[in-house]
Amino acid sequence: MKTEFKISTNQNFFKEKADAYIIFLEQKSGFFTHEDFSKDPHLTELKKIYPHIEILLEKRGFNAKLSEIVALPISINQGHEMCILVGLGAKKENFVENYRRALATAIRSALSYGATSIVISLLAAEDLTMGAYKLGKETAIITEMTCYKHDDFLTTDGSKQKRFAQVILITENQYKNEMEKGLREGVIIGESVNEARYFVDTPPSHMTPIIVAKHAQEIAKKNSISYQEYNLKEIQQLKMGGLLGVARGSVEEPRFVKMEYKPQHAKNKQPILLVGKGITFDSGGLSIKPAQSMETMKDDMAGAAAVIMATAAASRLNLPIHIVALAPLTENMPSGTATKPGDVLTFYNGKTAEVKNTDAEGRLILADALSYGVKNYNPEFVIDLATLTGACAHALGPFYTGLFTTNETLAENLENAGQKSGDYVWRLPMGEDYRKAIKSTIADICNIGDSRVKAGGTTAAHFLEYFVGETPWAHLDIAGSAFDVPGIPYYAPGATGVGVRLLIELLKEMK
Ligand code: BES
Ligand code: ZN
Ligand code: ZN
């Protein structure tokens, strides 16, 4: 079931029929007064139902701190519904993030009361500082994201995710068109984020390389994106020794997926290349992981999911940008046929690497995809997304994606896109001292860094750098941000879909 989003300019909020009514309030230093409630027309309506609302709120200590909620039963339109007051916190730099979180918290509250339709008061579009377009967009994205849960395998009553049949946004006539535009785009972005999450959350034996490729093909077909995939034999013919070296330990065949979105109105002469790490399960291979570290390793394809879904979203949004997305897909498993520590692999571009640790497998498959992409597409720039290193996750925690690049323009554009989209990035260093750490005595480079250099996220980035040559390139390490991000109400346990919002924001801003 899809949620229907609708805009209404009906200033009498409670006249719209719904199960729950959501009103946002900005934080006060003291408590709300009678006067505060006479300023906002929706609050005035509420005051007719609860004449002493300010006393009620003060008794509860409610002064609209971020995500603070008061849910009031109301009898209107011959029904018994809920009115949810939610705090936006104090106005500060990143107020949009406050709005996202307040909205998500209110949505969770409405869902917990069994609401199937909600009305959201966005009367104060101007007061919310972001403007009607952004407000519509964020409202749609966050509603979609908050209503996501992977429930394919939940069989008991009531455990399936509930969604709204209808969401009505109330605004003023002057904001209607802009808000509608934002809503339409937001729905596409939110759905794409959720589809990326679905890829990642689906258990690894149900989302093997062949199955990922099949889904990617269906998505491409639906969105007029050209699609090509290479099977084991074809990957052998391409001499992608990295992808083959990782895949050889598994009974599941690898795939190499290529998607191309080339609109007639494309602004860029050379395509943008997106590359996503697609390890459908990372056991570590012969350098096997301890049990606890392996528990979430179905998420090791989050980069692939992000580039597939960002490309799909770009097409649905009709962005004037030529994009090529590549996803090398394989499991990383130990077996009698697996690559051994000490083995040397030869990549698509003829370069070699010594594999000292088979758990540093992401860079091996990305090396082939990156060198294939730069050679065959001569891209304007390359961005890769990968759940690449525990080191990066430990450095930044789950709230930022690690950004590695030597290109200042890309760094700035990605940082801006991160700030605007909510997929925040934090730049980490690169440079000659680190570059030396991946030397090998028997191959061109080694797949793990000198242990004295320690910075595992950076040495991994330098390994990738070796395969992009002079092409402007940025690497996004999403090991921390792709899965199980705590404390953010629009996420659920499991995948976050990180990267989709970021890439769409970046591509939209391209000149
Ligand atoms: N997929 C992991 C990285 C990872 C860790 C992703 C935690 C998500 C959460 C990657 O393949 C890996 O195992 N990297 C090793 C590299 C090391 C052997 C140089 C790591 O980070 O320990
Ligand atoms: Zn690994
Ligand atoms: Zn991995």
Side-chain angles (χ1 to χ4, degrees), residues 200-201 204 207 209 212 242-243 245-247 249-250 254 275-306 327-334 338-343 345 353-367 369 384-402 404 428 434 437-438 440 445-464 475-486 493-496 498-499:
V200 174
D201 282 331
M207 200 48 90
V212 175
L243 182 53
V246 177
S250 172
V275 178
K277 171 176 174 182
I279 297 289
T280 59
F281 183 72
D282 184 8
S283 72
L286 287 174
S287 314
I288 199 161
K289 286 180 183 294
Q292 235 195 340
S293 313
M294 217 189 285
E295 276 174 14
T296 56
M297 279 303 129
K298 66 176 180 183
D299 78 349
D300 217 17
M301 48 159 296
L329 300 160
T330 178
E331 287 187 337
N332 183 26
M333 298 291 275
T339 291
K340 307 159 189 80
D343 273 341
L345 303 176
E354 179 184 7
V355 178
K356 277 199 183 154
N357 188 317
T358 63
D359 197 12
E361 83 298 340
R363 62 199 79 184
L364 303 175
I365 69 169
L366 291 170
D384 77 79
L385 284 89
T387 43
L388 204 62
T389 67
C392 180
H394 278 276
L396 299 179
F399 308 115
Y400 286 86
T401 290
F404 300 85
L428 289 164
Y434 298 106
I438 53 168
S440 163
I445 47 174
C446 175
N447 85 327
I448 54 170
D450 179 334
S451 63
R452 293 168 302 173
V453 174
K454 297 187 180 76
T458 293
T459 51
H462 279 296
F463 187 98
L464 302 181
H475 157 58
L476 296 166
D477 193 330
I478 56 172
S481 53
F483 202 80
D484 275 354
V485 174
T496 59
V498 71

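Read the numbers this way: they start at 1 and go in the same order the structure lists the ligands and their atoms.
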Quick check: do Ile288 and Pro334 have side-chain heavy atoms less than 4.5 Å from each other? yes

Below 4.0 Å from any atom of ligand 1, which residues have a heavy atom? Give them in chain and number order, please. Lys277, Asp282, Lys289, Met297, Asp300, Asn357, Asp359, Glu361, Arg363, Thr387, Leu388, Thr389, Gly390, Ile448, Ala479

Under 2.8 Å from the Zn ion (ligand 2), protein N/O/S atom count? 4

Among residues two or more places apart or on two chains, list those pairs meeting salt bridge (Lys or Arg N to Asp or Glu O under 4.0 Å) that have a residue in residues 291-305. Lys277-Asp300

Heavy-atom side-chain contact between Phe483 and Thr496 under 4.5 Å: no

Do Phe404 and Asp477 have side chains that get closer than 4.5 Å, going by heavy atoms? yes

Are the side chains of Leu364 and Leu243 in touch, meaning some heavy atoms are under 4.5 Å apart? no

For Lys356, check side chain to side chain contact (heavy atoms under 4.5 Å, CB included) against everything at least two apart and list the hits. Glu354, Cys446, Asn447, Ile448

Exercise: do Thr339 and Thr358 side chains pair donor with acceptor under 3.5 Å: no

For the student: nearest non-hydrogen atoms of Thr401 and Ser481, plus distance: OG1-OG, 2.7 Å

Taking it one step at a time, do Arg363 and Leu366 satisfy side chain to side chain contact (heavy atoms under 4.5 Å, CB included)? CA-CA 5 Å; Arg363 62 199 79 184; Leu366 291 170; 5.5 Å; no

